[in-house]
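Working notes, beginning with the structure itself.
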Amino acid sequence: MGYSGLLASLASTPAARRAILAGFFEPTEDERQQGLKVPGAAHRAIAALVARGAVRVILTTNFDRLIEQALEAEGVFPQVIATPTAIDGMEPLAHARCTVIKLHGDYARIDQLNTVEELSHYSSPLKALLDRVLDEYGLIINGWSGDWDHALVAAIEGTRSRRYPLYWSSLPLWGPPPSVWWPSTGHTSSVGYPLISSSQISSAGCRHSIPSRTRR
């Protein structure tokens, strides 16, 4: 059935879907004490890069608020764009210390993008903002497979300028990324995609990142 089909069968409306998913994102006190549903090493590493000014824009496909929590722990209070309507009033990317763009929405809202059909296209305002980010910033991809996020894959593949590089912090264990993405340069993996080590990330000039997402 898969994730999309299972979710559709369990929740026929956006509100019902939100109610089901909320329990997966909101930790109980016991879970907090066990270190569950709290920012992990990847969230903290990205937040540290933001705090030092190495990363200014974060694209995330996650619904949770872990990256925001990690940023706030570093003393960074980001501009968060979780809906297309928020784009109109946003501070320009160049002037904001950090902007988190939640491409698929926030778990607490009913307008999140979750099923295969919903992930196949973005609204015009969101697509325009995404295209701008991909054109004007380098890209460090962390823990993302691209299996489900068809609109995001299409946006990356459709970026024409290629003026800044793309790096994978690690490659998916279940297969390489789409072959049409940026050609390899520098250190590469056995399948020919550019990899960047933790020390290189710390000194990288790339200023845009996609945090990790659990494979669905």
Side-chain angles (χ1 to χ4, degrees), residues 1-26 37 40 42-43 46 57-68 78 80-88 90 99-135 137 139-160 166 168-182 193 208-216:
M1 178 179 292
Y3 173 85
S4 180
L6 177 61
L7 187 62
S9 67
L10 292 175
S12 59
T13 67
R17 180 190 305 171
R18 179 186 62 182
I20 289 176
L21 294 177
F24 291 94
F25 298 115
E26 299 173 352
K37 300 180 185 178
H43 301 99
I46 292 170
V57 180
I58 297 172
L59 295 178
T60 178
T61 57
N62 290 341
F63 306 122
D64 61 54
R65 297 176 181 174
L66 297 179
I67 189 64
E68 294 99 305
V80 179
I81 307 300
T83 66
T85 55
I87 296 173
D88 288 340
M90 66 179 286
T99 299
V100 175
I101 303 173
K102 306 184 81 165
L103 293 169
H104 301 162
D106 185 276
Y107 81 89
R109 297 183 57 88
I110 64 173
D111 53 358
Q112 56 189 249
L113 306 181
N114 216 319
T115 65
V116 171
E117 181 180 358
E118 293 167 346
L119 296 173
S120 296
H121 61 275
Y122 292 144
S123 67
S124 296
L126 183 57
K127 178 66 165 58
L129 178 61
L130 176 59
D131 288 345
R132 179 185 171 190
V133 171
L134 295 175
D135 178 63
Y137 293 81
L139 184 66
I140 300 175
I141 298 178
N142 180 43
W144 178 67
S145 70
D147 286 346
W148 299 91
D149 309 316
H150 304 310
L152 180 52
V153 170
I156 295 175
E157 291 179 344
T159 302
R160 295 183 178 182
L166 176 153
W168 293 82
S169 63
S170 62
L171 289 173
L173 298 178
W174 47 89
S179 60
V180 299
W181 289 10
W182 277 264
Y193 293 92
H208 159 212
S209 167
I210 298 181
S212 64
R213 179 181 190 176
T214 303
R215 187 190 180 206
R216 294 187 301 187

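Note that the coordinates shown come from a computational prediction; the quantities given were computed from them, not determined experimentally.
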[X]: partners by side chain to side chain contact (heavy atoms under 4.5 Å, CB included), with sequence neighbours left out:
{"X": "Ser124", "value": "none"}
{"X": "Ile87", "value": "Ile81, Met90, Pro125, Leu126, Leu129"}
{"X": "His121", "value": "none"}
{"X": "Ala128", "value": "none"}

What's the spacing between [X] [atom1] and [Y] [atom2] if we round to 0.5 Å?
{"X": "Asn62", "Y": "Trp144", "atom1": "CG", "atom2": "CH2", "result": "12.5 Å"}
{"X": "Leu66", "Y": "His43", "atom1": "CG", "atom2": "NE2", "result": "4.5 Å"}
{"X": "Ile140", "Y": "Ile46", "atom1": "CD1", "atom2": "CD1", "result": "9.0 Å"}

**Q.** N/O donor-acceptor pair under 3.5 Å between Lys37 side chain and Gly23 backbone
**A.** yes

Q) Given the rule in the side chain to side chain contact (heavy atoms under 4.5 Å, CB included) test, do Ile156 and Leu166 qualify, once you have shown the distances and angles that lead to the verdict? A) CA-CA 10 Å; Ile156 295 175; Leu166 176 153; 4.3 Å; yes

Side-chain contact test, heavy atoms from C-beta onward, threshold under 4.5 Å: evaluate it for [X] versus [Y] and give yes or no.
{"X": "Leu103", "Y": "Leu113", "result": "no"}
{"X": "Leu152", "Y": "Leu130", "result": "yes"}
{"X": "Ile67", "Y": "Ile58", "result": "yes"}
{"X": "His104", "Y": "Asn114", "result": "no"}

Q | Counterpart residues, side chain to side chain donor-acceptor pair (under 3.5 Å), relative to Thr85 (two or more places apart) | A |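 Once residues adjacent in sequence are excluded, the partners of Thr85 under the side chain to side chain donor-acceptor pair (under 3.5 Å) criterion are Thr83.
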
Q) What are the two closest heavy atoms between Ala11 and Ala16, and how far apart are they? A) CB-C, 3.7 Å

Q: For Asn142 and Ala42, work out which heavy atoms get closest and say how close.
A: ND2-CB, 3.5 Å

Q. Residues in ring-ring contact (aromatic ring centres under 6.0 Å, His included) with Phe25, at least two apart?
A.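 Only Tyr107 meet the ring-ring contact (aromatic ring centres under 6.0 Å, His included) criterion with Phe25.
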
Q: Name all pairs fulfilling the salt bridge (Lys or Arg N to Asp or Glu O under 4.0 Å) condition that reach into residues 111-130, sequence neighbours left out, sorted by first residue then second.
A: Arg17-Glu118, Arg109-Asp111, Lys127-Asp131

Q.
Going by salt bridge (charged side-chain N to carboxylate O under 4.0 Å, His left out), name the residues that satisfy it together with Asp106, two or more places apart in sequence or in a different chain.
A. Arg65, Lys102

